[in-house]
Amino acid sequence: VFCLLVFTALFTILRRTRLGLEVRAVSQNRAMARAMGTRAAMVDAMTFGLGSGIAGIAGVALSQLTNVGPN
């Protein structure tokens with residue numbers, strides 16, 4: 001259930017927000033997206049942040065199931 005909630009939230013973000021539109025534009029054609037005024041470096045940073053957030057959520061979910069160690 002938790003996985004479906006996270007997936008739905010991510011899907012909604014990528015399909016319904018300006019960030020999602022810019023991420024899709026930059027990933028498909030960076031030069032054209034930049035020509036249309038999208039700041040590709042900012043989109044890259046926000047995408048990295050989104051991915052890091054998802055990894056953090058996965059870590060929280062994993063820590064509820066088992067012990068988390070450095071290995």
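Note: hydrogens, waters and symmetry copies are ignored here, and every other heavy atom, side chains too, is used. Not measured: the values here are computed from a predicted model.
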Exercise. Should L50 and L10 count as side-chain neighbours, where that means a heavy-atom distance under 4.5 Å?
Worked result: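 Of all side-chain heavy-atom pairs linking L10 with L50, at least one is under 4.5 Å.
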
Problem set entry | Residue pairs passing the salt bridge (Lys or Arg N to Asp or Glu O under 4.0 Å) test where at least one lies in residues 61-71, sequence neighbours excluded |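 Applying salt bridge (Lys or Arg N to Asp or Glu O under 4.0 Å) to every pair that reaches into residues 61-71, excluding sequence neighbours, yields nothing.
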
For this session: Taking all non-hydrogen atoms of both residues into account, name the closest pair between R24 and L14 and its distance.
Result: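 Scanning both residues, the minimum pair turns out to be NE-O, 3.0 Å.
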
For this session: Looking only at non-hydrogen atoms, find the nearest pair between A33 and V26 and report the distance.
Result: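 So the minimum-distance heavy-atom pair works out to CB-CG2, 3.9 Å.
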
Mind checking the [atom1]-[atom2] spacing from [X] to [Y]? Nearest 0.5 Å is all I need.
X	Y	atom1	atom2	answer
R15	L21	CZ	CG	10.0 Å
M46	I13	CE	CD1	9.5 Å
I57	L5	CD1	CG	10.5 Å
T47	E22	OG1	CD	9.5 Å

For this session: Find out if a path of hydrophobic residues (ILVMFWY) with successive side-chain heavy-atom gaps under 4.5 Å connects L62 to V60.
Result: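 Different clusters: L62 never reaches V60 through Ile, Leu, Val, Met, Phe, Trp or Tyr contacts under 4.5 Å.
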
Exercise. Do M42 and L19 share a hydrophobic cluster (ILVMFWY, side-chain heavy atoms under 4.5 Å, transitive)?
Worked result: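 M42 and L19: one cluster.
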
